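Everything numeric in this text was worked out from a predicted model, so none of it was measured.
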Amino acid sequence: MNNAQYDTVFDDKTNAYLYDASCSLPSASGVNGTSQNDRSSCGNAASTAINPSNTGNFRVNSRYTLTDKLVFTFDGAYSFTRANGGGSAVFAESNANATNAAGTAAATSVYTYQLQRLGAGTAAGVDINGDGDTLDYVRAYFPSNTRTQRFTAIAGLRYDIDADNAVRFAYTWDRARHRQTGEASLLDANGNPYDAFSALDGEGSSAILDAAGNVVNKRNRLSYAILHQVSGEYRGSYFGDALKLTLGLRAPFFRRNLTNYCYTIPGNSSDGYCTSQTAERVAANATTATYGAPYKNRIKSYNAVLPNVGMTYAFTPNASIFASYAKGFSAPRTDNLYAFDDVKISPVAEVKPEKTDSFDLGLRYSSRLIQAQLAGWYIHYDNRIISTLTTLEGGGTLTTDRNVGTVKSKGVDASLGITPIRNISLYGFASYIDAKLQDDAVDPTTGAITAATAGKFVVETPKWQYGGRVQASFDPVSIGAQVKHVGQRYVTDVNDLIAAGYTTVDLDARFDLAFAGLDKTFFQLNVSNLFNERYFGNLSTGTSSASTTRYTFGAPRTVIGSVHFEF
């Protein structure tokens, strides 16, 4: 890709995702007997591009010395999250408006069939905006709500064999309950939601109902992600602490309990028909077999045995060499397991667990003046998992994971810290990554090659990252500044779209208030992205430029002031 193409891609994508600051909806002041149309209104509005989140956390940590050699620890945690990523969709009030000449669902509103029963006839509909007719196309707030409750418990036992040798054993339990829905609700005349979580807490006056009086819902599922893991580790020191050795083994057991209360849309992995008319629609549709039926307690299980070994050898008082090997395992997220493969309906490839073999080798040097490190590493991935954006029936989108086969990654990391005097420190780092796909993309049913991806660079991965930090501390004030550059990243597996590299600068300052008699109290000021660099922070990728890809802007200049107390 030449520079002109590169700049065009970046500029086009940038302009495509600028949100309108305000908007107005024709349907909000609907007139009986005439058709109001929201299809071109408020589709890219900031008012619905929101990310509300309510969170809560509780933790407990404990340590018990059972004998002079035996120590027991227990850590527990509970967290709660309620969040969505915003979004809107257009609903046609009548079946007639929602179907094309062939009588199938038109792209104007994939969710129109959820509003009324098929048996009511093509003219039947639901008056969403309350103007007394069913002629309108009404934009609605349509986020994907998620409520997560997570419990974690970790029990550990450490036994010191002697001053140079110790063993540890641990058991980990983690249980996350994910309740995922997608309620539709009205927007006001300026395109603002009446509630950030739509109709999650009940119907309310703004909820959009189907013909049977149920809140329209684009998904309705309950998932449990459960982990049981046992692990053990040996640590030993030899030759007067010159050689340190670590041997470890862990065995995770993952369980996914899946319940989908909706019929599933063909061609996608998790969206659904979630209103009272679903059974009638499926029964009346000639392609009934292509719809996944609701199900409860579908179970997926994964397990692995994962060894690791590490060593450090100090060949001088200030210099050492280190090396390690670890086998890794990543189980698919629950979102990606609501797939058609399980019920043999449609050729949607189920996400497979990702497995890794990781190696690293490096040198460290540490003295009062200098701290330096140089390391090389290599990772072999099987079934590498990458996120992508899928286009749903009717124009919606859904972010899912996908496997891209075998990936080989290698690189070099270097860092250097210098403290010329006690009050000033300097730090710099650089990393180079070479990450290549080893397989071509293939059709999951035929095995035919669909894209020549072998040898292409892995998406979302910059070849170069580098930066540095300087900090000065002179009581009662300390000031720091840091800079980081992230190189360009490919957005597609065939490398025909690129997101530009970017550089950000951050500042921070702390003012100790001890001089005013406030011990352990200070004022903190942080400025991130000082020069307001415009860049893409997150990328949702695809196979080629023909795929749907999405770019999320990184945070703009942000200033945060805080006061820290300890008592």
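Here the CZ-CZ distance, from Arg256 to Arg333, works out to 10.5 Å after rounding to the nearest 0.5 Å. To the nearest 0.5 Å, atoms CG (Leu222) and CG (Asn297) are separated by 8.5 Å. Within the model, atoms OH of Tyr261 and CZ of Arg221 stand 12.5 Å from one another, a figure rounded to the nearest 0.5 Å. Remark: Asn260 CG to Ser223 OG distance equals 8.5 Å, nearest 0.5 Å. Within the model, atoms CZ of Arg384 and CG of Asn403 stand 11.0 Å from one another, a figure rounded to the nearest 0.5 Å. Atom OH of Tyr78 is separated from atom OG1 of Thr152 by 11.5 Å, given to the nearest 0.5 angstrom.
Each of Asp335, Thr334, Thr148 was compared with His178 under the side-chain hydrogen bond (donor to acceptor under 3.5 Å, both in side chains) criterion, and only Thr148 meets it. Among the candidates Pro193, Ser185, Ser206, the single residue satisfying the side-chain contact (heavy atoms from CB on, under 4.5 Å) test with Ser198 is Ser185.
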>> As a quick check of understanding, evaluate side chain to side chain donor-acceptor pair (under 3.5 Å) for Arg147 and Thr181, giving each step before the final call.
In response: CA-CA 9 Å; Arg147 288 92 76 204; Thr181 54; 3.0 Å; yes
>> Pair Val459, Leu539 - check side chain to side chain contact (heavy atoms under 4.5 Å, CB included), show working.
In response: CA-CA 9 Å; Val459 296; Leu539 310 174; over 6 Å; no
>> One pair to check against side chain to side chain contact (heavy atoms under 4.5 Å, CB included): Asn529 and Thr558. What are the steps and the verdict?
In response: CA-CA 7 Å; Asn529 196 2; Thr558 305; over 6 Å; no
> Between Trp173 and Phe151, does a side chain to side chain contact (heavy atoms under 4.5 Å, CB included) hold up when you go through it step by step?
Replying inline: CA-CA 8 Å; Trp173 173 76; Phe151 295 87; 3.7 Å; yes
> When you look at Arg177 and Gln149, which way does the side chain to side chain donor-acceptor pair (under 3.5 Å) test go after all the steps?
Replying inline: CA-CA 5 Å; Arg177 181 187 189 274; Gln149 295 189 70; over 6 Å; no
> When you look at Arg179 and Asn220, which way does the side chain to side chain donor-acceptor pair (under 3.5 Å) test go after all the steps?
Replying inline: CA-CA 8 Å; Arg179 186 71 174 93; Asn220 189 357; 2.7 Å; yes
> Should Thr146 and Arg219 be marked as a side chain to side chain donor-acceptor pair (under 3.5 Å) after you check the CA-CA gap, both sets of side-chain angles, and the distance that decides it?
Replying inline: CA-CA 11 Å; Thr146 298; Arg219 64 177 186 176; 3.0 Å; yes
> Passes side chain to side chain contact (heavy atoms under 4.5 Å, CB included), Val458 versus Leu437? Steps please.
Replying inline: CA-CA 6 Å; Val458 176; Leu437 300 169; 4.1 Å; yes
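Panel note: side chain Ser35, backbone Leu135; a donor-acceptor pair is recorded below 3.5 Å. Under a 3.5 Å cut-off, the side chain of Asp38 and the backbone N or O of Leu25 do not form any donor-acceptor pair. Without hydrogens or angle criteria, Thr356 side chain to Gly328 main chain gives a donor-acceptor distance under 3.5 Å. At least one donor-acceptor pair under 3.5 Å links the side chain of Thr453 to the backbone N or O of Asp439. Looking at Gln438, its side chain does come within 3.5 Å of a backbone N or O of Lys436 through a donor-acceptor pair. When atom types are taken as modelled, the side chain of Arg139 and the backbone of Ser41 share a donor-acceptor pair closer than 3.5 angstrom. The backbone N or O of Gly33 sits less than 3.5 Å from a side-chain atom of Asp133, completing a donor-acceptor pair. With Asn37 contributing its side chain and Arg39 its backbone, the two residues share a donor-acceptor pair below 3.5 Å. Remark: the backbone N or O of Ile385 is paired with a side-chain donor or acceptor of Glu354 at under 3.5 angstrom. Not a single donor-acceptor pair under 3.5 Å links the side chain of Asn495 to the backbone N or O of Tyr490.
For the pair Ser144/Asn84, no side-chain contact is recorded, criterion being any heavy-atom separation below 4.5 Å from C-beta on. Counting heavy atoms from C-beta outward, Leu525 and Ile560 have side chains that stay 4.5 Å or more apart. Looking at heavy atoms from C-beta onward, Leu187 lies in side-chain contact with Thr48 at the 4.5 angstrom threshold. At least one side-chain heavy atom of Leu186 sits under 4.5 Å from a side-chain heavy atom of Ile208. Side-chain contact check for Asp136 versus Ile128: every heavy-atom pair is 4.5 Å or farther apart. Between Arg255 and Ile299, the closest side-chain pair of non-hydrogen atoms falls below 4.5 Å. Residues Pro353 and Pro332 have side chains in contact (heavy-atom distance under 4.5 Å, counting atoms from C-beta outward). Within the 4.5 Å cutoff, the side chain of Ser528 has no heavy atoms near those of the Thr504 side chain.
Ion pairing of Lys456 with Asp496 is absent here, as no side-chain N (NZ or NE/NH1/NH2) approaches a carboxylate O to less than 4.0 Å.
Smallest separation of non-hydrogen atoms from His485 and Tyr502: ND1-O, 3.2 Å. Among all heavy-atom pairs drawn from Arg557 and Asn532, the shortest one is N-OD1, 2.9 Å. Heavy atoms only, all atoms of each residue included: Asn217 and Glu183 are closest at OD1-N, 3.7 Å. Across all non-hydrogen atoms, the minimal contact from Ile50 to Pro52 is C-CD, 3.6 Å. A pairwise comparison of heavy atoms in Thr541 and Glu460 identifies CG2-CG, 3.6 Å as the closest pair. Closest of all the heavy-atom pairs between Leu258 and Leu337 is CD1-CB, 3.6 Å.
The aromatic rings of Tyr302 and Phe329 lie tilted to each other, with the angle between the two planes from 30° to 60°.
Not less than 6.0 angstrom separates the ring centroid of Tyr535 from the ring centroid of Phe553.
The number of heavy-atom neighbours closer than 6.0 Å to CZ of Arg150, taken from other residues, nucleotides and ligands shown, is 12 or below.
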